[in-house]
Amino acid sequence: MKYEWIDEYLMTKPGVIRDLQREWNWIRYKLGSKMFAAICRDDNTNEPYYITMKLEPMQAEALRSEYEDIIPGYYMNKVNWNSVKADGNVPDDLLKNMLDDAYAIVLESFSKKKQAEILASEPIIIDTRCGLHCYNCEYKEPCNCGGCIETNGHPFHGECPVAICCQEKRHMHCGECSTFPCGLLLQYTNDPEQGDNPPGLRIEQCKGWCERSIK
Ligand code: SF4
Ligand code: SF4
């Protein structure tokens with residue numbers, strides 16, 4: 001993809017939540033539970049093919065008529081969503097403006113109180129099912145772990161029952177589950193050798209992810 005800067009750019013915005021919708025293979029950028037942009041990736045190569053974002057309909061129509069690489073939202077509502085070809089000719093500055101607008105549109109859809117909360121909060125990444133983080137995991141690099149979401153529940157040590165369970169229940173992470181924290185999750189959390197440090201880390205992280213995802 002031409003636009004390698006997108007993830008870093010979006011993750012500097014206050015309150016952004018990034019996750020991976022594995023079934024679609026979309027990296028989603030959200031405020032609360034509302035998506036404002038996504039990178040749509042090929043299932044086989046993980047190469048991005050569209051960058052999708054929300055835009056005001058009239059602005060979108062004008063842009064589509066000017067740039068053939070901007071099309072109505074791929075697998076989205078065609079009025080409010082638009083997709084930019086990842087290897088197209090839309091200038092970087094224009095794409096940045098479009099992503100800024102998408103962020104602003106969704107931000108403004110919240111109450112003033114919620115907007116203030118979002119603007120005061122750090123971006124977060126939801127990158128596991130159980131509440132841990134891959135980006136600071138000691139096993140990621142040495143064990144070449146692909147991550148439990150990316151690998152459909154098969155991190156470096158083999159099938160993870162927590163990740164598989166969560167995936168089968170169609171939750172983004174265990175915190176969304178009605179039986180959270182279940183015995184299985186607690187067993188992993190409190191494992192004498194591989195458990196959380198500090199204790200209960202993944203449980204607290206899941207709770208935090210839930211709080212931040214409130215509409
Ligand atoms: S073991 Fe793998 S899936 Fe689990 S947190 Fe570490 S990097 Fe992520
Ligand atoms: S909390 Fe337990 S039951 Fe719920 S998704 Fe996670 S592992 Fe499965």
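Each ligand, and each atom within it, is numbered from 1 in the order the structure gives. Atom set for the values below is all heavy atoms of this structure, side chains included, hydrogens, waters and symmetry mates excluded.
Residues that satisfy the ring-ring contact (aromatic ring centres under 6.0 Å, His included) test with Tyr74, not counting sequence neighbours, are Tyr49, Tyr50. With sequence neighbours excluded, no residue satisfies ring-ring contact (aromatic ring centres under 6.0 Å, His included) with His171. With sequence neighbours left out, Trp81 forms a ring-ring contact (aromatic ring centres under 6.0 Å, His included) with no residue at all.
Annotation for Leu119 and Tyr103: closest pair CD2-OH, 3.9 Å, computed over non-hydrogen atoms. Closest non-hydrogen pair, Trp209 versus Leu132, comes out as CH2-O, 3.7 Å.
If you number the atoms of ligand 2 from 1 as listed, the ones under 4.0 Å from a heavy atom of Cys166 come out as 5 (S). Taking every non-hydrogen atom of Thr179 and a distance limit under 4.0 Å, the qualifying atoms of ligand 2 come out as 3 (S), 4 (Fe). Listed by number with element, the atoms of ligand 2 under 4.0 Å from a non-hydrogen atom of Lys169 are 3 (S), 5 (S), 8 (Fe).
For atom 6 (Fe) of ligand 2, the closest heavy atom belonging to the protein is Cys174 SG, 2.4 Å. Looking at atom 4 (Fe) of ligand 2, its nearest protein heavy atom turns out to be Cys177 SG, 2.4 Å. The shortest contact between atom 2 (Fe) of ligand 2 and any protein heavy atom is with Cys182 SG, 2.2 Å.
In summary, Cys165 places an N/O/S atom under 2.8 Å from atom 8 (Fe) of ligand 2, meeting the contact criterion.
When hydrophobic clusters are built by joining Ile, Leu, Val, Met, Phe, Trp and Tyr residues whose side-chain heavy atoms come closer than 4.5 Å, directly or via intermediates, Ile6 is not grouped with Ile105.
By the 6.0 Å and 45° rule, Lys207 does not stack over the aromatic ring of Phe180.
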How far apart are the C-alpha atoms of Asn144 and Tyr139, what are their side-chain angles, what is the distance that settles it, and do they pass the side-chain hydrogen bond (donor to acceptor under 3.5 Å, both in side chains) test? CA-CA 7 Å; Asn144 197 23; Tyr139 300 109; over 6 Å; no
Step by step, would you call Thr52 with Ser83 a side-chain hydrogen bond (donor to acceptor under 3.5 Å, both in side chains)? CA-CA 4 Å; Thr52 291; Ser83 296; 2.7 Å; yes
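Listed by chain and residue number, the protein N/O/S atoms under 2.8 Å of atom 2 (Fe) of ligand 1 are Cys145 SG, with waters left out.
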